[in-house]
Each structure stands twice: as C-alpha cells, then as structure tokens.
Amino acid sequence: MTSPASPVPPAPPGRPGLVVGVDSGGSGLRIALAVRRDDSAETVETTASAEPVRTGAGGIDAGHLLERLIPAVDAMRRRAGDGPVEAVAVGAAGMATLGDRLRAELPEALARAWGVRRLALAADAVTAYAGALGQRPGAVVAGGTGLIALGTDLSGWRRADGWGHLLGDCGSGAWIGRAGLEAAMRAYDGRRGGSAALLAYAERRFGPAAGIPGVLYPRTDRPAVLASFAPDVAACAGADDPVATGILTRAARRIAEAAEAVCPAGTAAEVALTGGLFRMGAPLLGPLRADLETLLPQAREVPASGDPLTGAVTLAAALAADALRLPEDPLLLQLTR
C-alpha cells in the first residue's frame, strides 16, 4: 500500500514552482503545466484529448480523470525539469451537481501522486470567470451550446441560468438553433412566423423537413445538434432574413438579462463574454451590446483575457501563493489547503 507523500512546500522565494490547471468538459479534457511567479503563472505546456471524462451514476468519474491526468502531468514535468507541483486547480462541467467523487477522491490521490495538498475544485463557470476577468469583481457570461452567467463582488457568487436546454440556457447556441428550426418547420407547414430561408438551411443540414424530428429526438446529444444550427440562423440574419434577425435579437436580450442578474451593483463593474457563441459576430453582438448598455449602464464590457484553462491556471497560481481572492463556495469553488 502506497503511503501519502509529504506535502510539497512552496518553492523558495525567487525560485519558480509548478502549478497544474485542468479544464474538463463535454468537448474533452485539457491540462496545462505552468511555472508560477508570485501569484501569477506562465503556461509552459498543454495537452488535450477530445475524449470527455466519463460521467456515471456516481457523477464525474474521478478514477478516469486521474488515470489520464497523472501520466500526462508527469510527462510534462519531466520535460520542464521535474520541479515540485505546488497547487492544482480542476474546472469541470457539472462540478456543482456531479462532482461528489472528485471532491471525495482527488485531494488524497493528488497528495499521494505529487505530495500536493493545495487543490481547487471549481465549476467550469468559475474557471471561465477566472480566465476572463482574473480575480477582479464583475460578471462573465459563458456561452456555447449552453449558457451561464456568473458574477461576484468578491464576497460571494451570483449565478443565472445554466439550467440546460429544457429549462433554460436562454440565448445559447441550443436555444438559437431550436428557435431557428421551429421557424423552419413553421415555413414548411405554411404557418405564420416561418422563414423560407431557415427552412432551406435546415434541409441542407438535416435532410427533408418531415424527417427532421426523427433526426433530432432520438439523439442523446440533442443540445449539441440543436446548437449546430445556430450558425445557420446567424447566416440568415446576416442576409437580412427578418425571422432569423428576430431570433438573435431575442437571444441577445436573454443573454443581457442573465448578465444583469449577476452583475455586482454599485460601482462600475466589468462584464466579459466568453465562449464560442460570441463568435457569431455582429448579428448577435450588435443587439447584445445595445441591451447591455440599457440594462447595465454602470458596467463596461471588456474582452475576455483568457479561456477556462487559463482560468484554472490562474486559480492554481493564486492558491499556491496564498493570494486567492475569489470566494469559496461549497458547490462552485472548493479549496483544500
């Protein structure tokens, strides 16, 4: 039986230590090794896999994550000079509701593997926040297939949406895609509110309109399939289709309302948009920025500084330096020191 290793002390002053950031989500697993300098870090190597970490009846599979994480980091450490790991931060989709096994198993497993006791387990929305705004107060909207908004004044977190494509994710790729397909089917039926342009795009992507329900309903990855139609909605809006334009206008309003719900009140706050949804460009960003100015006149939109993997590295570096200012939360951000 392997006994736990002794905790690794922080690197001496002036000598850099190593930190590890992990981004685990539906699109796969990404791992970064970074050299820490004070409370920031510079990534020296990353590795990625398109295979997601398994999720089962017990939640996110900690064993599956560890059997991929530990060898990958060990290999990167050897190439970086085999220094000690001072802290690890894991950001995972579903951490709030599916992260019990990670919370139970990762602290001791990483202590045995590397002697590291400083661990941050975060919801992917938190690593998206840290990547976009660092440790500053403000609000971040993370948009892709789904959508969630997270804000903090550094005393606690406020969350809006992120409830999945059946109950929320309003304004997300899945929401836009579903609305676009509804408009396509309305055109196919001859009902009001339909769009011939969206119908043409839908049939090019999914086949004859009458068969589209059979394509969508059996799929276990239905949100992603719906979201695959969102760029077609944006293309139609860019070509001045009024129905598609209306869909993106409504999506923009929903996104701005989520940002409004979580943005700290009072002093001027920063708002960042992150994720693939916002690569749609002007058809979505134009009305969204207008709505943000109306709903959050005190706030200032800023570009996201980095992605969720950057955010995981940011958390790990701050934790290693005893400089983490983002608030702990039993579901969103749990720390082991």
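In this structure, the side chains of Arg253 and Leu295 come closer than 4.5 Å at one or more pairs of heavy atoms. Residues Val20 and Ile31 have side chains in contact (heavy-atom distance under 4.5 Å, counting atoms from C-beta outward). At least one side-chain heavy atom of Leu33 sits less than 4.5 Å from a side-chain heavy atom of Arg77. No side-chain heavy atom of Asp240 sits under 4.5 Å from any side-chain heavy atom of Thr245. Under the 4.5 Å side-chain criterion, counting only non-hydrogen atoms from C-beta, Val19 is not in contact with Val35. Inter-residue side-chain proximity for Trp175 and Asp169 is flagged as unmet; no heavy-atom pair is nearer than 4.5 Å. In this structure the side chain of Trp114 reaches within 4.5 angstrom of the side chain of Val88, judged on heavy atoms. Between Phe206 and Ser228 there is a side-chain heavy-atom pair separated by less than 4.5 Å.
The hydrophobic cluster containing Leu133 does not contain Ile255, counting ILVMFWY residues as joined when their side-chain heavy atoms lie under 4.5 angstrom apart, directly or transitively. Transitive grouping of hydrophobic side chains (ILVMFWY, heavy atoms separated by less than 4.5 Å) keeps Phe278 and Ile148 in distinct clusters. Residues Leu119 and Val22 share a single hydrophobic cluster, defined by chaining ILVMFWY side chains whose heavy atoms lie under 4.5 Å apart. Transitive grouping of hydrophobic side chains (ILVMFWY, heavy atoms separated by less than 4.5 Å) keeps Met95 and Val313 in distinct clusters. Both Ile212 and Val233 belong to a common hydrophobic cluster when Ile, Leu, Val, Met, Phe, Trp and Tyr are linked at side-chain heavy-atom distances under 4.5 angstrom.
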If you apply the rule side chain to side chain contact (heavy atoms under 4.5 Å, CB included), what do you find for Arg222 with His165, and how did you get there? CA-CA 9 Å; Arg222 195 179 308 124; His165 75 292; 4.0 Å; yes
Passes salt bridge (charged side-chain N to carboxylate O under 4.0 Å, His left out), Arg79 versus Glu45? Steps please. CA-CA 9 Å; Arg79 290 189 287 270; Glu45 188 176 350; 2.7 Å; yes
Test side chain to side chain contact (heavy atoms under 4.5 Å, CB included) on Thr47 and Arg30; report intermediate values, then the result. CA-CA 6 Å; Thr47 184; Arg30 297 189 301 154; over 6 Å; no
Side chain to side chain contact (heavy atoms under 4.5 Å, CB included) between Cys263 and Val271: does it pass, once the steps are laid out? CA-CA 8 Å; Cys263 193; Val271 177; 4.1 Å; yes
Using side chain to side chain contact (heavy atoms under 4.5 Å, CB included), reason through Leu226 and Leu181 one step at a time and then give a plain yes or no. CA-CA 8 Å; Leu226 290 171; Leu181 287 170; 3.9 Å; yes
Under the salt bridge (charged side-chain N to carboxylate O under 4.0 Å, His left out) criterion, do Asp161 and Arg254 qualify, and how do the steps go? CA-CA 10 Å; Asp161 214 335; Arg254 303 297 191 276; over 6 Å; no
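A side-chain donor-acceptor contact under 3.5 Å links Ser49 and Arg68. The closest side-chain donor-acceptor pair between Thr127 and Asp124, if any, does not fall under 3.5 angstrom.
The two atoms that bring Ala183 and Val243 nearest to each other are CB-CG1, 3.6 Å, heavy atoms only. Smallest separation of non-hydrogen atoms from Ala234 and Leu248: CA-CD1, 3.8 Å. The shortest non-hydrogen separation linking Thr152 to Pro264 is O-CG, 3.1 Å. Residue Gly171 comes nearest to Ile176 through the heavy atom pair O-CD1, 3.6 Å, listed as atom of the first residue, atom of the second, then distance. Of all non-hydrogen atoms in Ala321 and Arg36, the two that sit nearest each other are CB-NH1, 3.7 Å. Here the closest non-hydrogen pair linking Gly21 and Ala312 is CA-CB, 3.8 Å.
Ion pairing between Asp153 and Arg158 fails under the 4.0 Å rule for side-chain N and carboxylate O. Using a 4.0 Å cut-off between a side-chain N of Lys or Arg and a carboxylate O of Asp or Glu, Arg118 and Glu86 do not qualify as a salt bridge. In summary, Glu108 and Arg117 engage in a salt bridge, as defined by a charged side-chain N under 4.0 Å from a carboxylate O.
One distance of note links CD1 of Ile60 with OG1 of Thr55; it measures 5.5 Å at 0.5 Å rounding. To the nearest 0.5 Å, atoms CG (Asp221) and CG (Leu216) are separated by 10.0 Å. Of the inter-residue distances, the one linking Leu106 atom CG with Leu69 atom CG reads 7.5 Å to the nearest 0.5 angstrom. Atom-to-atom distance recorded for Leu309:CG and Thr43:OG1 is 6.5 Å, nearest 0.5 angstrom. Considering CD of Gln135 and CG of Leu315, their distance stands at 7.0 Å, rounded to 0.5 Å. Considering CG of Leu199 and CZ of Arg204, their distance stands at 10.0 Å, rounded to 0.5 Å.
Distance alone, capped at 3.5 Å, is enough to place a donor-acceptor pair between the His64 side chain and the Arg54 backbone. At least one donor-acceptor pair under 3.5 Å links the side chain of Trp157 to the backbone N or O of Pro327. Remark: side-chain polar atoms of Tyr129 are not paired, donor with acceptor, to backbone N or O of Gly311 under 3.5 angstrom.
The side chain to side chain contact (heavy atoms under 4.5 Å, CB included) check on Ala197 picks up Ser195, Cys236, Asp241, with sequence neighbours excluded.
Annotation: salt bridge (charged side-chain N to carboxylate O under 4.0 Å, His left out) contacts involving residues 270-282, sequence neighbours excluded, comprise Arg136-Glu270, Glu270-Arg300. Among residues at least two apart or in separate chains, salt bridge (charged side-chain N to carboxylate O under 4.0 Å, His left out) pairs with a member in residues 176-189 are Arg178-Glu182, Glu182-Arg186, Asp189-Arg191.
Tyr188 OH: 12 or fewer foreign heavy atoms inside a 6.0 Å radius.
Each of Leu284, Leu285, Val302 was scored for a side chain to side chain contact (heavy atoms under 4.5 Å, CB included) with Leu273, with one residue passing: Leu285.
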